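A short worksheet on the structure shown next.
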Number of protein chains: 2
Amino acid sequence: MAKLSDIIEQFLLKTLGDENEVDISRNELASFFSCAPSQINYVLDTRFTIDRGYLIESQRGGGGFVKIIRVPFKDDAENAIVESVGGELSFKRMTHMLENLQNENLITNHEKEILQVALSEAALEMPINLREAVRAKCFKRILLFLLKGNDQ
Amino acid sequence: MAKLSDIIEQFLLKTLGDENEVDISRNELASFFSCAPSQINYVLDTRFTIDRGYLIESQRGGGGFVKIIRVPFKDDAENAIVESVGGELSFKRMTHMLENLQNENLITNHEKEILQVALSEAALEMPINLREAVRAKCFKRILLFLLKGNDQ
DNA sequence: TCCTCCAAGGTCAGACAAAGTCAAAACTCA
DNA sequence: TGAGTTTTGACTTTGTCTGACCTTGGAGGA
């Protein structure tokens, strides 16, 4: 017997179709499948994760919604690049990587400057090992975004 | 179901058009949209905030009015704007401010997205009060840079 | 002049209407 | 049988909308 979560996943994929995003109502969906609303969250949390290429946005309150967004994948070699950042990242190394990105035309000079400011030593004012860990995390997210190829 | 607040927001934005300010009558507007007058205040309070680049002025009594003023970002209130970030900054508030910066053509859509990713909840994975403090610091640096070209 | 009334707009708490969280119970499968 | 996965439901948080009551300012009359 197929699991409900899988059925709901298939349903959502089908609903997505060729579109890159879709709006659903958590409660309606739950009632359609006669399950607890939190089951929908479970499906979203386990099947529509960032590493499978999905983002979830939502709003609570009256007229609330849940939006599933598909972020087009590019290559897998790029995961290696993201991983190469490691757990800590110095300002100098980040600058090198930003320059590389600029040479590859993945970012503009202005974007490079903004990011240098945003993740500068001064902006991340905290103990150094912590600082470099935070910088690494932020930078990985940026890389993921830039490399994931939704080139608008 | 489209939310009334969103509809009223759109209406007001359209009424503003290219102008930098517009006068409305709270009661007339409420009656036009068949809603409680306080709904107008709700829209004003949640959508036309300083974070998004608006100021509200009003006067009570006979001949009273409500004025929506769009404040050009670059004017001279730079310090006030940077200060308005405060010691902590939620993702949502940052998003509003980024949208405002984009409207003022101080950043592009791509730059906005990069910064949203860089300073997302996921990127700043740490206790929430710490996270919002870090975000505030980074964002202030960005603002300073964008507004003054000050990149120290 | 001053006072009173009326015509604005303001505030706030509460009713709803969503979605989120978390942990316990139930289930699966090696 | 035990670890991992799924399902459920009680409780929380957030966003929207309304209505009762409050405050302010101006106009006009005594």
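Being a predicted model, the structure only gives us computed values, none of them experimental. Side-chain atoms are counted along with the backbone in the values below, which use heavy atoms only and exclude waters and symmetry mates. In the text below, chain A, chain B and the rest are named by the order of the sequence lines, each starting its count at 1.
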B/Asp6 and B/Arg47, any side-chain heavy atoms less than 4.5 Å apart:
yes

I need the CD1-C1' distance between B/Ile7 and D/dC17, as an integer number of Å.
13 Å

Any non-hydrogen side-chain atom of B/Leu4 less than 4.5 Å from a side-chain atom of B/Cys35?
yes

Counting side-chain heavy atoms from C-beta on, which of D/dG19, C/dG10, D/dT8 comes nearest to B/Ala36?
D/dG19

Considering only nitrogen or oxygen atoms on both sides, find all protein atoms under 3.5 Å from nucleotides 25-30 of chain D and state each distance.
none

Test item: B/Ile68 and B/Ile56 side chains (from C-beta on) under 4.5 Å apart, heavy atoms
yes

Would you kindly give the CD1-to-P distance between A/Ile40 and C/dA18, to the nearest whole Å?
15 Å

Check if the side chain of B/Ser38 and the base of D/dG19 share a donor-acceptor pair of N or O atoms closer than 3.5 Å.
yes

Only residue of A/Gln59, A/Glu57, A/Arg26 satisfying side chain to side chain contact (heavy atoms under 4.5 Å, CB included) with A/Val66 is A/Arg26

Do B/Val134 and A/Met126 have side-chain heavy atoms sitting under 4.5 Å apart?
yes

Please answer whether the main-chain N or O of B/Glu99 pairs with a side-chain N or O of B/Arg52 as donor and acceptor at a distance below 3.5 Å.
no

Got A/Val43 and A/Phe48 here, is their nearest side-chain heavy-atom distance under 4.5 Å?
yes

Contact pattern, 5' to 3', of nucleotides 1-6 of chain D - B, S or - by protein heavy atom under 4.0 Å:
----SB

Check the surroundings of atom CD in B/Glu28: do more than 12 heavy atoms from other residues, nucleotides or ligands lie under 6.0 Å from it?
no

Quick one: is C/dA17 close enough that its OP1 or OP2 comes under 4.0 Å of any side-chain N or O from A/Asn27?
no

B/Lys92 NZ - C/dG20 P separation (whole Å)
12 Å

Any ion pair linking B/Glu121 and B/Arg135 (charged N to carboxylate O, less than 4.0 Å)?
yes

Quick one: B/Asn41 CG to C/dA13 C1', roughly how many Å, whole number?
15 Å

Between atom CZ in B/Arg26 and atom C1' in D/dT24, what is the gap in whole Å?
12 Å

Using a strict heavy-atom distance below 4.0 Å, which residues from residues 50-58 of chain B are in contact with DNA chain C?
B/Ser58

Provide, to the nearest angstrom, the distance between the CG atom belonging to B/Leu29 and the C1' atom belonging to D/dC17.
15 Å

Does the B/Arg70 side chain pair with the main chain of B/Glu19, one donor and one acceptor, at a distance under 3.5 Å?
yes

Parallel, tilted or perpendicular, judged at 30° and 60°: which one describes the rings of A/Phe32 and A/Phe11?
tilted

What integer distance in Å separates B/Ile8:CD1 from D/dC17:C1'?
10 Å

